[in-house]
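Have a look at the structure below before the remarks.
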Amino acid sequence: MNLLEIKNLTVEFKTEDETVKAVKSLNLTIPKGKTVGLVGESGSGKSVTSLALMGLIPNPPGRITEGEILFNGEDLTKASPARMRQLRGNKIAMIFQEPMTSLNPVFTTGNQVDEVLMLHQGMNAKEARKRTIELYNEVGIPDPESSVDKYPHQMSGGQKQRVMIAMAMACEPDLLICDEPTTALDVTIQKQVLELMFDLQRKHGMSMLFITHDLAVIADIADEVAVMFRGDLVEQNTTKALFENPKHPYTKGLLACRPSLDENPVRLLTVEDFLNAKEDIDVSSLEMKKPRPLDQSNAPVLLEINNFSKHFPIKGGIFGRTVDQFKAVDNVSLKVRKGRTLGLVGESGCGKTTLGRTILRLLEPTTGSVNYSGKDITALDKKEMRAMREKMQIIFQDPYSSLNPRMTIGDIITEPMVIHGIGGSKQERYEVAANLLEKVGLKGDHLNRYPHEFSGGQRQRICIARALSLKPDFIICDESVSALDVSVQAQVLNLLQDLQDELGLTYIFISHDLSVVKYISDEIGVMNKGRIVEYGPAHEVYNNPKDEYTKKLLSAIPRGVPKELLAER
């Protein structure tokens with residue numbers, strides 16, 4: 001029996017220039033006690049569908065123009081605002097993508113769960129607090145009695161997401177909508193959250209709509225999978241059948257474009273490859289990558305880090321004196337070979353980003369040395385370091401916040417050239433910028449546009465063009481594909497490889513995604529609590545991990561294969 005039936009649902013958004021159909025005549029059912037995965041990339045209509053179910057489409061500019069949403073036979077498109085308030089959080093609950101922005105920073109997390117219980121269950125404050133502690137215990141938050149009094153900033157990302165799950169589960173809803181609930185989490189935390197949600201779904205017998213852009217994530221959790229593309233539902237099937245025999249080119253592309261732990265092609269396939277193909281692509285016939293030589297004759301050492309540390313003071317007492325040191329990077333030694341990629345992998349807080357920024361002296365090191373082409377850059381003064389940064393650049397994680405929204409793309413790309421006195425005139429620099437845009441797969445005539453006019457993947461390409469504007473030899477890629485859809489991620493990884501081959505670039509590639517790091521890296525350093533716990537050629541680290549922490553990370557990666565198919569293998 002179906003708990004939810006969506007019939008011919010169409011959602012439109014009206015702008016000054018046009019009317020955009022975000023969801024087009026969608027038909028989707030969610031059976032009682034089952035989990036349906038809703039998959040698609042940014043702009044496919046997944047989140048708009050979930051907002052329509054919750055009665056949260058902002059009007060204006062959006063509105064449901066057609067269709068029905070039948071929840072236990074009741075058409076939610078005709079429900080009054082008061083009726084939707086009764087259902088939301090009570091019978092239909094939702095876990096949003098970003099717990100940091102979903103939780104109110106001025107209230108304790110416990111108070112925010114208490115509020116749901118008092119509003120929908122009629123509990124008093126004492127009863128609500130007791131039930132909240134029980135919920136914290138059920139979702140695995142450590143020391144629930146004291147954790148209920150913590151504010152969001154006092155909890156880790158995984159703990160905040162567990163608070164969101166506890167809040168959604170507070171009234172034991174019939175339907176739980178999960179909108180990208182693990183996208184921002186490390187692989188180990190992601191695994192814990194997925195297992196928790198699977199257990200809660202089975203324990204309470206609720207239905208679940210799990211929304212994600214990554215098919216690998218829902219392989220273990222969903223009974224059925226529905227795939228959306230540009231507002232249309234293009235494929236729906238049981239999880240096993242869809243993974244075993246995908247029909248639509250878009251589904252095939254989503255399955256193929258994510259790097260695999262087992263084997264990786266020389267170039268990653270993208271969704272566009274499948275959409276534009278005139279005949280079926282035989283993935284098994286693709287040429288696979290082979291390890292590149294790492295000896296001194298083929299790849300001499302460009303950057304050498306010796307006994308490198310970065311400590312941050314911990315203040316305490318009424319006078320704010322330093323009472324201890326937090327060792328973000330603790331006695332690290334590494335070698336980065338010319339024309340090769342060193343992958344740095346580990347969970348949030350392990351010190352990857354701090355190490356990258358300290359190498360460039362965006363943060364000053366506490367101890368140790370960094371030798372670049374035989375020169376110790378930790379001994380350079382500010383003027384000398386500025387000149388050195390022509391050769392050493394960084395691509396930051398978030399293309400949204402690393403581009404100035406008030407500057408045109410042309411000014412953004414040419415700004416480093418102006419600072420370093422490169423180019424004789426603005427026109428000359430703009431010609432270089434146009435060529436760089438072409439090199440990263442954008443159009444040269446986009447120079448007068450602003451960042452908000454580009455998608456996330458396009459903005460990351462602009463960040464890469466800016467990093468290339470000074471013709472560097474060495475680039476640090478700090479989680480530079482983490483925020484991207486899997487197909488856009490594949491395009492950017494291909495681009496980084498092409499640029500490395502063409503320009504002889506050297507990378508340090510920082511990520512918490514081990515499958516991505518394995519694909520692009522020649523050597524890998526695994527970081528945990530500020531230290532390198534394992535280091536070696538990429539294939540050796542993955543095929544024969546020695547440290548328990550590395551084994552733990554590898555075991556947490558979604559395999560992208562349903563359990564039924566794994567059992568058959």
Sidechain N-carboxylate O distance under 4.0 Å for K130, E127: no

Restricting to salt bridge (Lys or Arg N to Asp or Glu O under 4.0 Å), what partner residues turn up for E74, sequence neighbours left out? R83

Kindly write out the residues that satisfy salt bridge (Lys or Arg N to Asp or Glu O under 4.0 Å) with R129, not counting sequence neighbours, or none if the list is empty. D114, D149

Identify, with sequence neighbours excluded, every residue that meets ring-ring contact (aromatic ring centres under 6.0 Å, His included) alongside [X].
| X | result |
| --- | --- |
| F229 | Y250 |
| F454 | H446 |
| Y507 | none |

Report the residues that fulfil side chain to side chain contact (heavy atoms under 4.5 Å, CB included) with [X], sequence neighbours left out, ordered by chain and then residue number.
| X | answer |
| --- | --- |
| T65 | T10, E12, R63 |
| N90 | H120, Q121, C171 |
| A166 | L135, Y136, V139 |
| Q112 | L103, N104, F107, P152, M167 |

Separation of F96 CZ from L51 CG (nearest 0.5 Å): 7.0 Å

In terms of side-chain heavy atoms, does R162 have a donor or acceptor partner in Q192 at a distance below 3.5 Å? yes

Tell me if the NZ atom of K551 is crowded by more than 12 foreign heavy atoms within 6.0 Å. yes

Contact list for residues 21-35, test side-chain hydrogen bond (donor to acceptor under 3.5 Å, both in side chains), sequence neighbours left out: N8-N27

Restricting to pairs with a member in residues 199-215, which pass salt bridge (Lys or Arg N to Asp or Glu O under 4.0 Å), not counting sequence neighbours? E138-K203, R202-D223, D214-R258

Which residue pairs pass the salt bridge (Lys or Arg N to Asp or Glu O under 4.0 Å) test when at least one of the two sits in residues 280-290, sequence neighbours left out? K252-D280

Minimum heavy-atom distance between I221 and L194, given as atom pair plus value: CD1-O, 3.7 Å

